[in-house]
Amino acid sequence: MSTLTRLQDLQFSQHTLNKFATLMAAGNGYLGLRACHEEAYTEQTHGMYLAGFYHRSSAVETTELVNLPDVLQMRIELDGEIFTLLSGTVTDYHRELDLACGELRRSLVWHAPNGKRYQIVCQRFLSAAQHSLLCSRVAITPLDDNARVTISTGIDATQTNSGRQHLDETSVRVFEQRYLQGCYRTLDGSNELVISSFCALPAESCSSFYAKNRRLTQHCSGKVAKGETFELVKTNWITSSLDSDYHSASCSEQALNKLMQCVERGYEQLLAESNQVWETYWQRSRVQLESQNSQDQIALDFALYHLFAMTPAHNEKCSIAAKGLTGEGYKGHVFWDTEVFLLPFHLMTQPEIARQLLSYRWHNLAGALAKARKNGWQGALFPWESAWSGEEETPEFAAINIRTGLRQKVASAVAEHHLVADIAWAVDAYYQVTGDDGFMRERGVALLLETACFWMSRAVEANGRLELHDVIGPDEYTEHVDNNAYTNYLAYHNVERARHYLQQFALPDDDFIRQADRFLARIWLPEAREDHVIAQDDSFFSKPTLDLTSYKEQQGTQAILLDYSRAEVNEMQILKQADVVMLAYMLPSQFTPAQLAANLDYYEPRTIHDSSLSKAIHGVIAARCGRREQAYQFWQQACLIDLGDEPHSCDDGIHAAATGAIWLGAVQGFAGLTVECGELHLNPCLPEQWQSISLPFVWQGVRIQLTLTHQQLSVTSSSEKPINLHLGNTALQITRAATFSLADFFTPLTGSGTTKGTPL
Ligand code: BGC
């Protein structure tokens, strides 16, 4: 494997503090920690989050992922000068996140205002081997003279979610004059949190402790000779009542024991243990490119790093928040992003994680059934935004319009129902890739049935057929429409799959089958016009268009809403994100090649791409049209959503779905690896700039490594079991290893390519 990327920040700047705090955030799926500096900067947004640890501070507020007490900050004083990069001068500044193992390292030489120089090296990691463990190390070497070092650090519970406090301090203690511990409870008493910390210091240093104003602090000081190093290693153990082995009565003692065991092992050993887990992860999932643009590999490594960091693989009652564990955007809620943009990566690399993500929905079925009932429908209506309980968490109103003083109602919870079918789509995808009968019998079929029942009750009789009225498709700039193509087709797919699996697993329900047959025969599936374009909804073609050039230039900012009200935008052909194009991505077999191209060409000029979920999907469809140049442009732009110069993710956190989409673009778009009707298909369309792509995936329990160049495909598998693969239109059977010349299966693409190569 080629060396993994190190994400670098080569110059300290107050302007990019929060950009890098997000990009370089640490995470192990259990905890996430923004990459803030140890020393304080007012601009810096601190954040540490624990998957599933939500709280609602009052009935009028929304449930949010709690920003936990801080253990990272250190007030460092060197010979009486407070260390900050805002005073004195800094040389040899280097900061990097090693994506191979998630260790963040910073080194610099600080020329203090008093003229003395100090070399400072900071390191930290969240353990991938022990989820509760966070270690940091600070090493200070005076370069000019002997020095006096004082460091104050501890557990700081003054952290809030933008000023909102979610935790009561239930106890703060110092044990054996060494171990700090803070115990907290959410204000509603539903969850508990225990944070224990220990600072290892040079033998001759001394410490004092104090607790004041929600801060438990250790004040350490010592002397260090010129050229020698003063080192502080802080080990933290963070647990909560969400852990399966948490017992309120013994949690404090248990946590201390765990902390002590870690302290004994020391930073290097703990890091080595964590590194092993990362190594396995990269072996199972890394996509490797030979590309003319080194940025491409960086983008993929970055995406996969965050896909690991954000995924709560330890607990099937948690799912992935829209910003992972890197910020408070969308309050840490879970959207369709998980099933459609994130789950496919897990499904193809670690299917057991995909199973867990689906199980999260299964555990929350009760909430979905209740929401459907409450609105007069049957089956399961999953909440548009979900947290711990499975109840609808979408805020009723969007941010206040400061010009009018009015708040706009958020319509998604009321009408953005495609999520229901997206979950069913993911269940079907899971079964196709894994053939996991056990999951289907226990959970999958129930999810399919209840979601299907929802659609059957949601459809209305109109125009001599069944229609779906008053919905919002993925394009949220078009609200309350009838027969959104995406929704109708996905609903059809949902009911058809439920019917299929019910029969496959011989679960007799004649009533359901009758209803499903009626629905499938009568639900309106918007048809393509003569020019192959499918209407996004009933009213779409009758709306005027607008030149979107300037808004496209500012995409991601929703600048259009500064010039037009939402109601006005709703009455024009303006898309926030892919909708019919999204449908083509989800259900490729529904589209002919001509329809694929026509819909891409019709809708893209009408799409601002204000959602981070849009660009990469356009890239996949362009690749499926054989337009490698266009596909590459979309994909590269999608890679910049977080990695670009001015990402919108600085305070809010990473765009989780966009990281999944980077993988989708490379694997499903360029490599052209898809699963259709239970079969594995490969229709590559590599960008000219790439010489090769190599990727691992799992198919029916077999681990496969696939390498593609412009000329050749090689496949190796970990098992004797034969693998069936469709290369273009040719069905192949591969055992262990095989190499194919692509010229035997496809006509080569010319230049930018306009049509997909067809089999010879
Ligand atoms: C998008 C939704 C997405 C949500 C969370 C919104 O801006 O329009 O499709 O689910 O962000 O990422």
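None of these values were measured; they are calculated from a predicted model. Just follow the structure's listing: the first ligand is 1, and inside any ligand the first atom is 1. Just so you know, these numbers use all the heavy atoms, side chains as well, and skip hydrogens, waters and symmetry mates.
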Open item on the list: Applying side chain to side chain contact (heavy atoms under 4.5 Å, CB included) to Trp388 and Cys318, what does each step give before you reach the verdict?
Closed with: CA-CA 7 Å; Trp388 178 260; Cys318 299; 3.8 Å; yes
- [ ] Quick one: sort the Trp635 and Phe670 rings into parallel, tilted or perpendicular, breaks at 30° and 60°.
- [x] perpendicular
Task: Counterpart residues, salt bridge (Lys or Arg N to Asp or Glu O under 4.0 Å), relative to Glu568 (two or more places apart) - done: none
- [ ] Flag the pair Lys331 and Glu385 as a salt bridge only when some basic side-chain nitrogen lies within less than 4.0 angstrom of an acidic carboxylate oxygen.
- [x] no
Write out each pair where an N or O from ligand 1 and one from the protein are under 3.5 Å apart, with the distance.
{"from": "ligand 1", "atom 1": "7 (O)", "to": "Tyr330", "atom 2": "OH", "distance (Å)": "3.0"}
{"from": "ligand 1", "atom 1": "7 (O)", "to": "Lys576", "atom 2": "NZ", "distance (Å)": "2.9"}
{"from": "ligand 1", "atom 1": "8 (O)", "to": "Glu476", "atom 2": "OE1", "distance (Å)": "2.9"}
{"from": "ligand 1", "atom 1": "8 (O)", "to": "Lys576", "atom 2": "NZ", "distance (Å)": "2.9"}
{"from": "ligand 1", "atom 1": "8 (O)", "to": "Gln577", "atom 2": "OE1", "distance (Å)": "2.5"}
{"from": "ligand 1", "atom 1": "9 (O)", "to": "Trp336", "atom 2": "NE1", "distance (Å)": "2.9"}
{"from": "ligand 1", "atom 1": "9 (O)", "to": "Gln577", "atom 2": "NE2", "distance (Å)": "3.0"}
{"from": "ligand 1", "atom 1": "10 (O)", "to": "Trp336", "atom 2": "NE1", "distance (Å)": "2.9"}
{"from": "ligand 1", "atom 1": "10 (O)", "to": "Asp337", "atom 2": "OD1", "distance (Å)": "2.6"}
{"from": "ligand 1", "atom 1": "11 (O)", "to": "Tyr330", "atom 2": "OH", "distance (Å)": "3.0"}
{"from": "ligand 1", "atom 1": "12 (O)", "to": "Asp337", "atom 2": "OD2", "distance (Å)": "2.5"}

Task: Pair Asp579, Tyr477: side-chain N/O donor-acceptor within cut-off below 3.5 Å - done: no
Task: Output field: ring centroids Tyr585/Phe341 closer than 6.0 Å - done: no
